[in-house]
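Remember, it's a predicted structure, so these values are computed and weren't measured experimentally.
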There are 2 protein chains.
Amino acid sequence: MKLSTIKDVARIAKVSITTVSATINGTAPVSKALQERVWEAVKTAGYHPDPVARNLRMGTSKTIGLIVPDIATPWAAHLAKAMQRALSDIGYNMLFASNDDDPEREFREIELFSSHRVAGLIIAPTTHGEDYAGRLADAVHTPAVLVDRVIENSRFDSVTDDNHFGAQLITRYLLKLGHRDIAFMVGRPGISSSDERYAGFLETMAAANVTVRDELIHHRIHLREHAFASVQKLMTLPRPPTAIACINIAQLLGTMAGLQNMGLRVPDDVSVISFDGFHPAEGWNPSITALTQDITTVSTRAAELLLARIEGKVDTPPQIIRVAPSLTVRTSCRAVPGTA
Amino acid sequence: MKLSTIKDVARIAKVSITTVSATINGTAPVSKALQERVWEAVKTAGYHPDPVARNLRMGTSKTIGLIVPDIATPWAAHLAKAMQRALSDIGYNMLFASNDDDPEREFREIELFSSHRVAGLIIAPTTHGEDYAGRLADAVHTPAVLVDRVIENSRFDSVTDDNHFGAQLITRYLLKLGHRDIAFMVGRPGISSSDERYAGFLETMAAANVTVRDELIHHRIHLREHAFASVQKLMTLPRPPTAIACINIAQLLGTMAGLQNMGLRVPDDVSVISFDGFHPAEGWNPSITALTQDITTVSTRAAELLLARIEGKVDTPPQIIRVAPSLTVRTSCRAVPGTA
DNA sequence: CTGTAAACACAAATCGTTTCGTGTTATCCA
DNA sequence: TGGATAACACGAAACGATTTGTGTTTACAG
């Protein structure tokens, strides 16, 4: 069961190593007759070029690296799955790392992957720490595409959900149901997805001439516990919100737990809506009305973009692609009593 | 920003390449004085040995491959996360692939990873198709550890949840609540986790002298739709079950959706319990009583086992390690009326 | 003082590719 | 038919590490 080398193939086909390489890669003209002999020999030898040797010689591999903050979040898991599919279709494979949202580990992973000479990187960046954009820019020396979180003015392409549009969708939906007192949980400042969603929310509210009550906006809610605490505060206000918008799963879980803890029912006592559609929202009671993110499109576009850069087909300035989500209405929101 | 090679280090330290390699890897005796010069040079050159060149020369890399049926299942995602952590701690990194439970893709991935000269493989096997065990045995030429599903008499180590024990836990709990008419959804036959759980259930029931009603056992339920349909049948029986046990998430989701569709309430009309603890069971109403799987232990043990094999420290016969789950009681089960 | 073993350093071969430079043969046009 | 040009084939040099074999120095026992 020894693997055969290009040398074996050359011997069998009675040609030089050079010719074998040339026929296989089509990098130099080879006569029809020889080509046939070579391919025949390749088959009988069961030859597959050694990716490692190729990697060493060429300085690049058919491998891309995927780096996400936390593979255990459904969003990232789906991304990884779709991405791996997209890549294996075109003969690439995937190195993978998860870093618990820790930029130090993230940069170490980037370096590690680089030393393995990946052809490119897909990164869902942590975007924490001092001068993150700068550090990233000079840590990465291969083509790279950022997903999920956007970094403004970076030299990398980005593919992300259209958070602004998503915020419109959610906000308009709540407004249409008659909600005016909408609580909004913002995440960590500087995380683009959070910022953009919040901005979209404010804008849509303003466009509808509805004033946003400051005490209903809670910032820096990125752990379950935060959301749990927030809910207690929100629902004990003299005039509590009629709807709560959550940005991610952690918030949603915390919110639901908090409400249950207070003996409040959804949607009877308060409506709940989520930006993050990646949870098993059905089968439970209530099922959560949420945005549905088109993660397949995100990964396909990201893969396309990366490949185009790798193959040097494009040298357009970095672009930001936003993929539109849709709103999936389930049972966690109801109209405000006394509204059409 | 050019990477420095071992040659640069040798030049700076004014020694031969051999000496540099010897000091770094400790493979040959080098005098204290030279060692110091070498390390100094390594530092000033910012030298890291090129893993690719090392891989080519040594015929093996510090990379292990993880292959799972579906990374988008929470179980696999948590496994990947814990595994990557365990491996990166000891200087290994991870190639990763997901195959949608398709053995053909699985074997292609094994071959691909092998050609990249991974040092070992962690496989959550699909266990489908003709002579799966045999095919696997001669597809894999590196050390490998199987997780989740067990293959009897294979030449590989396995690490898995203790399904038999889990089934005992669940069954005894239901019995204690007074349930006698327990519906059990079995998965595809031949999948060890499903078979073992079912066997454990039967055994525990028998030990308690409770007869199992055949019409409450539904086989080959591995898609949501199957479970959805099953539930309709179960709950329209003249004497419907008082409790339903689900083996995996797909079943659980289908079951809950089916019940809701029939207007039945959990746990008022029927209790539901799950073997698969990897879902956001809290915050929803009801929260599902389920086994909690100790996936960190599973991945740690698997990594240890694999590393031991890789480093040739052990050549004991293949072992099967079973990691015990625990039962997390939530709110989806209630005592049968008229029971203590 | 000598012989031998241990300790140390190095040049060169190797892993399996791709590619550069060189040489040979065929092809075409004037 | 001669000569330029294209087409084709090949040997040898990279890529960056480890390892083998050889030679030189030091240390120590006889």
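- Contacts between residues 31-50 of chain A and DNA chain D, defined by a heavy-atom separation under 4.0 Å, are made by A/Ser31, A/Leu34.
- Of all nucleotides listed (C/dA9, C/dT19, C/dT18), C/dA9 comes nearest to the side chain of B/Val30.
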Please list, one pair per line, the donor and acceptor atoms closer than 3.5 Å that link side chains of residues 57-65 of chain B to other protein atoms, with sequence neighbours excluded.
from    : atom 1 : to       : atom 2 : distance (Å)
B/Ser61 : OG     : B/Thr63  : N      : 3.4
B/Ser61 : OG     : B/Arg117 : O      : 2.8
B/Thr63 : OG1    : B/Asn93  : OD1    : 3.1

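- Residues from residues 51-62 of chain B lying near DNA chain C, meaning a heavy-atom separation below 4.0 Å, are B/Leu56, B/Arg57 in numerical order.
- Atom CD1 of A/Ile6 and atom P of C/dC15 are 14 Å apart (whole Å).
- Between B/Arg188 and B/Asp101, at least one side-chain N (NZ, or NE/NH1/NH2) sits under 4.0 Å from a carboxylate O, which counts as a salt bridge.
- With sequence neighbours left out, the side chain to side chain donor-acceptor pair (under 3.5 Å) criterion links A/Asp148 to no other residue.
- What separates NE2 of B/His116 from P of C/dC15 is a distance of 21 Å, to the nearest Å.
- Residues A/Asp161 and A/Arg322 are not paired through a salt bridge, judged by the lack of any N-O separation under 4.0 Å between the basic side chain and the carboxylate.
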Enumerate all atom pairs, one protein N or O and one N or O from nucleotides 21-25 of chain C, separated by less than 3.5 Å.
none

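- Each end of the helix from C/dC1-D/dG30 to C/dA30-D/dT1 gets its own rotation axis from five pairs of C1' atoms, and the angle between them is 50° to the nearest 10 degrees.
- Note that CD1 of B/Ile321 is 7.0 Å distant from CG of B/Asp157, once rounded to the nearest 0.5 Å.
- The side chain of B/Ser16 lies closest to C/dA9, out of C/dA9, C/dT19, C/dG16.
- Place B/Asn25 and A/Pro29 on DNA chain D by their nearest nucleotides, and A/Pro29 ends up nearer the 5' end.
- Counting any heavy atom pair closer than 4.0 Å across all strands shown, B/Ser21 reaches a base atom.
- We find that B/Arg309 and B/Asp315 are not joined by a salt bridge, their nearest charged nitrogen and carboxylate oxygen being 4.0 Å or further apart.
- Within the structure, every side-chain polar atom (N or O) of A/Thr5 is placed at least 4.0 Å from both OP1 and OP2 of C/dG16.
- Side-chain nitrogen and oxygen atoms of B/Thr19 include none within less than 4.0 Å of the OP1 or OP2 phosphate oxygen of C/dA9.
- Under the rule for a side chain to side chain donor-acceptor pair (under 3.5 Å), the partners of A/Glu311 that lie at least two apart in sequence or sit in another chain are A/Lys313.
- The interatomic distance linking B/Ile24 (CD1) with D/dA17 (P) rounds to 8 Å, in whole Å.
- Looking at residues two or more places apart in sequence or on another chain, you find a side chain to side chain contact (heavy atoms under 4.5 Å, CB included) between A/Asp70 and A/Ala72, A/Thr73, A/Ser98, B/Lys81.
- Remark: B/Ser299 pairs with B/Leu79, B/Ala82, B/Met83 by the side chain to side chain contact (heavy atoms under 4.5 Å, CB included) rule, at least two apart or across chains.
- Evaluation of the side chain to side chain donor-acceptor pair (under 3.5 Å) rule for A/Glu304 yields no partner, not counting sequence neighbours.
- Counting heavy atoms from C-beta on, the side chains of A/Phe96 and A/Ile71 come closer than 4.5 Å.
- Protein atom CZ of B/Arg11 is 15 Å distant from nucleotide atom P of C/dC10, rounded to whole Å.
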Using residues 106-114 of chain B as the side-chain source, report each donor-acceptor pair under 3.5 Å to any protein atom, sequence neighbours left out, with the distance given to one decimal.
from     : atom 1 : to       : atom 2 : distance (Å)
B/Glu106 : OE1    : B/Thr126 : OG1    : 2.7
B/Glu106 : OE1    : B/Tyr132 : OH     : 2.8
B/Glu106 : OE2    : B/Thr126 : N      : 3.2
B/Glu106 : OE2    : B/Tyr132 : OH     : 2.8
B/Glu109 : OE1    : B/Asn99  : ND2    : 3.3
B/Ser114 : OG     : B/Ile110 : O      : 2.7

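- The CZ atom of B/Arg105 sits 5.5 Å away from atom OG of A/Ser88, with the distance rounded to the nearest 0.5 Å.
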Report, one line per pair, each donor and acceptor closer than 3.5 Å where one atom sits in a side chain of residues 12-25 of chain A; sequence neighbours left out.
from    : atom 1 : to      : atom 2 : distance (Å)
A/Ser16 : OG     : A/Thr18 : N      : 3.3
A/Ser16 : OG     : A/Thr19 : N      : 3.2
A/Ser16 : OG     : A/Thr19 : OG1    : 3.1
A/Ser21 : OG     : A/Asn25 : ND2    : 3.3
A/Thr23 : OG1    : A/Thr19 : O      : 2.9
A/Thr23 : OG1    : A/Val20 : O      : 2.7
A/Asn25 : OD1    : A/Arg54 : NH2    : 3.0
A/Asn25 : ND2    : A/Ser21 : O      : 3.1

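- A straight line from CD1 of A/Ile17 to C1' of D/dA12 spans 10 Å, rounded to a whole angstrom.
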